Amino acid sequence: MVVVMGPEASQADVDSVVDLVRTAGGEAFVSSGVSRTIVGLVGDVEQFSTLNLRGMPGVSDVVRISVPYKLVSREHHRARSVITVRGVPIGPDTLTVIAGPCAVETPEQTLAAARMARAGGASLLRGGAFKPRTSPYAFQGLGEAGLKILADVRTETGLPIVTEVVDPADVDLVASYADMLQVGTRNMSNFPLLQAVGSAGKPVMLKRGMNATIEEWLMAAEYIAQRGNLDIVLCERGIRTFETATRNTLDISAVPVAQRLSHLPVIVDPSHSGGRRDLVLPLSRAAIAVGADGIIIDVHPQPEMALCDGAQALVDSDMRELASVAANLAPLVGRTLTPAPAVTPVG
Ligand code: PEP
Ligand code: MN
């Protein structure tokens, strides 16, 4: 059961709801999104029904929810949500392109990739400083030095930063630089990490686990929401199947399925799903056509030198082609291409 507070509700109104539920032997979790606060109730639903929660000050609705994920479900929040990352929207009316290098390698490489991203229609910059590599011998990322590079490139290009965090102990550090925290496919079921990003006060991009069902993915999002953070964007990035021609199989149907079950925006990663440069444009077209709220793309100024995932990185000319694909297709699916933020002059 979920109690939806009205826009005028005060902190005291929220506290009264929580106190009443706890006095009745239940547990209450408060989530404050951009536009409103909701209180998720855990315990005896029949008993909660006797509490007259609907009549309490500040309460706008009380909703019974039948699916196991509650706060992220559309049963509790009909309208599709817009998540804002340092002023850049991701939601049902826009098409948001996120692009950048798989990994931050050097200041020059990151700046060059960010400029390619911006020229290619991106309004957010991706780039990993902490890399969750399958092999312990592969490049693991620059860590905090990489975060500093990203922050400098944000100042230079105006693009807010999306970057991955892999360890709960690093969440505060990464959140002090990032505008959006990324949880990667290998960590979708790392529940302590989900709880930590849920408390970090920054929007989160949650990639689907490569072996996860859509319901498991939404339950992972619920872990974040339950800690009070409803600013979550889901990212379909391909799943494991018997097929070996591509790195992963892009589950294109996951986009409308997840959008029907959840109010959260759903974006697609055509780079990590196909794992091949030649598939990034076709899969991007498919993602936009199916109704994705955005796409996230790997770009690199010299893919042959990349320390991570060069085979799937777009070069400048591909990225410009992607920009025209996104600009042409967005209106056909009733969306506006999200513009990049203005560059704020330094000094
Ligand atoms: C990434 O986006 O850099 C990444 C590692 O992706 P995934 O978690 O989808 O493999
Ligand atoms: Mn990668």
Side-chain angles (χ1 to χ4, degrees), residues 85 87-90 94-128 149-150 152-163 180 205 235 237-238 246-247 250 252 267-343:
V85 182
V88 173
I90 307 177
T94 46
L95 175 68
T96 302
V97 178
I98 308 171
C102 176
V104 174
E105 299 167 13
T106 64
E108 297 74 25
Q109 166 258 5
T110 307
L111 182 59
R115 290 196 166 129
M116 289 165 62
R118 193 174 169 118
S123 48
L124 295 171
L125 172 66
R126 62 146 291 145
I149 293 173
L150 285 168
D152 289 344
V153 171
R154 171 176 56 203
T155 308
E156 192 76 28
T157 62
L159 296 177
I161 303 164
V162 182
T163 195
M180 178 178 233
M205 182 180 76
C235 177
R237 50 79 68 205
T246 46
R247 188 172 173 184
L250 176 60
I252 202 76
I267 67 169
V268 166
D269 182 340
S271 306
H272 288 83
S273 39
R276 290 169 36 178
R277 182 173 308 120
D278 64 324
L279 296 181
V280 173
L281 265 106
L283 296 182
S284 297
R285 284 193 200 94
I288 298 167
V290 86
D293 301 303
I295 48 178
I296 176 165
I297 310 283
D298 279 11
V299 295
H300 199 289
Q302 287 174 289
E304 63 292 350
M305 306 288 282
L307 296 180
C308 183
D309 288 350
Q312 69 198 29
L314 295 193
V315 296
D316 204 32
S317 54
D318 306 319
M319 198 58 210
R320 283 172 194 273
E321 193 177 342
L322 184 103
S324 78
V325 164
N328 291 332
L329 289 186
L332 298 181
V333 289
R335 292 174 186 265
T336 318
L337 185 62
T338 304
V343 186

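It should be emphasised that the depicted structure is a prediction, and the values quoted were computed from it without experimental measurement. Values below: all heavy atoms of this structure, side chains included; hydrogens, waters and symmetry mates excluded.
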In Å, rounded to the nearest 0.5 Å, how long is the span from [atom1] of [X] to [atom2] of [Y]?
X    : Y    : atom1 : atom2 : answer
E108 : I149 : CD    : CD1   : 8.0 Å
L337 : S123 : CG    : OG    : 7.0 Å
M205 : T163 : CE    : OG1   : 9.5 Å
L150 : T157 : CG    : OG1   : 9.5 Å
H300 : L307 : NE2   : CG    : 6.5 Å
D269 : Q312 : CG    : CD    : 7.0 Å

N-O pairing of D316 and R115 below 4.0 Å: no
Salt bridge flag under 4.0 Å for residues R126 and D298: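 Salt bridge between R126 and D298, a charged N being under 4.0 Å from a carboxylate O: yes.
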H272 and D309: side chain donor to acceptor below 3.5 Å: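 D309 and H272 do have a side-chain donor-acceptor pair below 3.5 Å.
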Any idea which heavy atoms bring [X] and [Y] closest together, and the distance?
X    : Y    : answer
A99  : V299 : CB-CG1, 4.4 Å
P341 : V88  : CG-CG2, 3.7 Å
A326 : V97  : CB-CG2, 4.3 Å
P101 : L125 : CD-CD1, 4.2 Å
A117 : G100 : CB-N, 4.4 Å

Side-chain heavy atoms of [X] within contact of [Y], under 4.5 Å:
X    : Y    : result
L279 : R247 : no
L322 : S284 : yes
P270 : I297 : yes

If only atom types and distance count, is the side chain of [X] paired as donor or acceptor with the main-chain N or O of [Y] below 3.5 Å?
X    : Y    : value
T246 : S273 : no
T94  : T336 : no
Q302 : Q109 : no
D318 : V315 : yes

Sole candidate of V333, T338, L332 that passes side chain to side chain contact (heavy atoms under 4.5 Å, CB included) when paired with R335: V333
Full working for side-chain contact (heavy atoms from CB on, under 4.5 Å) between L314 and R277: CA-CA 6 Å; L314 295 193; R277 182 173 308 120; 3.9 Å; yes
Worked verdict on V153 versus L159 for side-chain contact (heavy atoms from CB on, under 4.5 Å): CA-CA 8 Å; V153 171; L159 296 177; over 6 Å; no
Stepwise side-chain contact (heavy atoms from CB on, under 4.5 Å) check, L124 with I90: CA-CA 10 Å; L124 295 171; I90 307 177; 4.0 Å; yes
Chi angles and distances behind the side-chain contact (heavy atoms from CB on, under 4.5 Å) call for M305, E105: CA-CA 10 Å; M305 306 288 282; E105 299 167 13; 5.9 Å; no
